[in-house]
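The analysis underlying the following values was restricted to heavy atoms, covering all of them including side chains, and did not include hydrogens, waters or symmetry mates.
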Amino acid sequence: MKITRLLQALLLSAWGLAAAAATPPMQVPDTIAQRAAACIACHGREGASTDGGYFPRLSGKPEGYLYNQLLSFRDGRRFNADMTHMVRHLSDAYLRELAAYFAGLDLPYPSIPAATDASPAMLARGKALALQGDAARGIPACAQCHGAALTGVQPGIPGLLGLPRLYLSSQLGAWLTNDRHALAPDCMAEVGRKLDSADIKAVASWLALQPMPADTRPLAALPAPLPTPCSAMNR
């Protein structure tokens with residue numbers, strides 16, 4: 001009886017191995033969309049982040065901006081352990097391909113937060129900085145560089161709407177503390193050093209509450225020159 005059961009077990013095992021061998025391996029499509037799927041774990045579905053997380057949206061940002069940020073993570077001008085690890089061995093051409101993929105996506109934005117703990121005075125200060133700046137301190141309005149609708153400008157200035165408040169404040173803070181850099185001329189480093197923590201909290205709080213305009217695309221060009229030279233506009 002034991003021998004019979006053993007033979008049955010061996011036959012079943014052999015049948016299973018034969019069936020597995022006859023089944024062709026699953027083919028993963030070799031496309032940029034499939035390769036970019038690794039980004040979804042942090043940045044959300046196809047790079048469209050939610051309103052509650054830390055990670056920024058990638059979908060629809062200017063290609064030049066995305067490419068420059070990938071280069072900065074790879075080359076040490078920006079630092080995030082996960083990002084640096086993922087791009088450290090990637091070529092310029094591959095990073096350009098990734099940037100073009102995400103720039104070409106057009107996905108819905110998350111709904112804006114329904115409430116905030118920012119005071120009316122803080123929000124008023126944030127709105128003033130975003131739309132008017134602070135001339136006495138040499139701080140240009142966000143809208144002067146990021147566009148009147150704050151949706152960014154081609155080829156390399158990002159939009160500021162539809163981003164989590166935590167992300168906005170952390171990145172503005174990184175300019176203030178000299179932890180984030182861009183190629184020269186580094187316009188945001190110049191502006192960021194003029195902000196203080198109260199400015200950053202105010203403008204990040206106000207931006208995070210703003211609804212998306214009907215046209216969310218970056219502008220093709222600004223109606224007037226930038227207030228300061230900026231490498232983001234170098235093609």
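E63 places none of its side-chain heavy atoms less than 4.5 Å from the side chain of P155. Residues L123 and S205 form a side-chain contact, since some pair of their non-hydrogen atoms from C-beta on lies under 4.5 Å apart. Between T84 and F79 there is a side-chain heavy-atom pair separated by less than 4.5 Å. By the 4.5 Å heavy-atom criterion applied to side chains, R74 and L71 are counted as neighbours. For the pair C39 and F102, the minimum side-chain heavy-atom distance is below 4.5 Å. Taking 4.5 Å as the limit, some side-chain heavy atom of V153 sits within range of a side-chain heavy atom of M233. Q171 has its side chain out of reach of P56: every pair of non-hydrogen atoms, C-beta onward, lies at least 4.5 Å apart. Annotation: side chain of V87 is not in contact with side chain of Y94 (no heavy-atom distance under 4.5 Å).
When the side chains of ILVMFWY residues are joined at heavy-atom separations under 4.5 Å, either directly or via intervening members, M212 and L105 end up in a single hydrophobic cluster. W175 and M83 end up in the same hydrophobic cluster when Ile, Leu, Val, Met, Phe, Trp and Tyr side chains are linked at under 4.5 Å. One hydrophobic cluster, built from ILVMFWY side chains closer than 4.5 Å, cannot hold both I157 and L150; they sit in different ones. Follow the hydrophobic side-chain contacts under 4.5 Å out from L107 and you reach L161 in the same cluster. In the hydrophobic cluster analysis, where Ile, Leu, Val, Met, Phe, Trp and Tyr join through side-chain heavy atoms closer than 4.5 angstrom, M122 is grouped apart from L160.
Among R193, K194, R137, the one residue that satisfies the salt bridge (charged side-chain N to carboxylate O under 4.0 Å, His left out) test with D199 is R137.
A donor-acceptor pair is defined here as one N or O able to donate and one able to accept, closer than 3.5 Å; no such pair exists between the side chain of S169 and the backbone of A204. Between the side chain of R78 and the backbone N or O of Q69 there is no donor-acceptor pair closer than 3.5 Å. Panel note: side chain E97, backbone A93; no donor-acceptor pair is recorded below 3.5 Å.
Minimum heavy-atom separation, L163 to K61: CD2-NZ, 3.8 Å. Taking both residues in full, the closest heavy atoms of S231 and A182 are given as OG-CB, 4.2 Å, listed atom of the first, atom of the second, then distance. Taking both residues in full, the closest heavy atoms of I112 and Q210 are given as CG2-O, 3.4 Å, listed atom of the first, atom of the second, then distance. Taking every heavy atom of both residues into account, P113 and A208 meet most closely at CD-O, 3.2 Å. When every heavy atom of D106 is checked against every heavy atom of S59, the shortest pair comes out as N-OG, 3.9 Å. In this structure, P62 and P158 approach most closely via the heavy-atom pair CD-CA, 4.2 Å.
Here CZ of F55 is found 9.5 Å from CG of L166. Values are rounded to the nearest 0.5 Å. Expressed to the nearest 0.5 Å, how far NE2 of H43 lies from OH of Y54 amounts to 10.0 Å. Summarising the geometry, atom CG belonging to L207 is positioned 11.5 Å from atom CZ belonging to R165; distances are rounded to the nearest 0.5 Å. The structure places OG of S170 at 10.0 Å from CG of N80, a figure rounded to the nearest 0.5 Å. Between L70 atom CG and R96 atom CZ the span is 10.5 Å, to the nearest 0.5 Å. The NE2 atom of H181 sits 12.5 Å away from the CE atom of M188 when rounded to the nearest 0.5 Å.
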side-chain contact (heavy atoms from CB on, under 4.5 Å) evaluation trace for D134 with L129: CA-CA 6 Å; D134 189 334; L129 285 170; 4.1 Å; yes
Stepwise side-chain contact (heavy atoms from CB on, under 4.5 Å) test for Y67 and L95: CA-CA 6 Å; Y67 176 63; L95 296 181; 4.1 Å; yes
Worked verdict on T151 versus D215 for side-chain contact (heavy atoms from CB on, under 4.5 Å): CA-CA 9 Å; T151 56; D215 186 354; over 6 Å; no
side-chain contact (heavy atoms from CB on, under 4.5 Å) between Y109 and R57, worked out: CA-CA 9 Å; Y109 279 77; R57 177 188 178 91; 3.2 Å; yes
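Partners of A33 according to the side chain to side chain contact (heavy atoms under 4.5 Å, CB included) rule, which considers only residues two or more places apart in sequence or in another chain, are T31, Y101. For T216, there are no side chain to side chain donor-acceptor pair (under 3.5 Å) partners two or more places apart in sequence or in a different chain.
Other residues, nucleotides and ligands place more than 12 heavy atoms under 6.0 Å from the CG atom of D196.
Of the charged side-chain nitrogens involved, none lies within less than 4.0 Å of a carboxylate oxygen, so that R180 and D186 do not count as a salt-bridged pair.
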Expected list for residues 223-230: side-chain donor-acceptor pairs under 3.5 angstrom, two or more places apart:
residue : atom : partner : partner atom : Å
T228    : OG1  : E190    : OE1          : 3.4

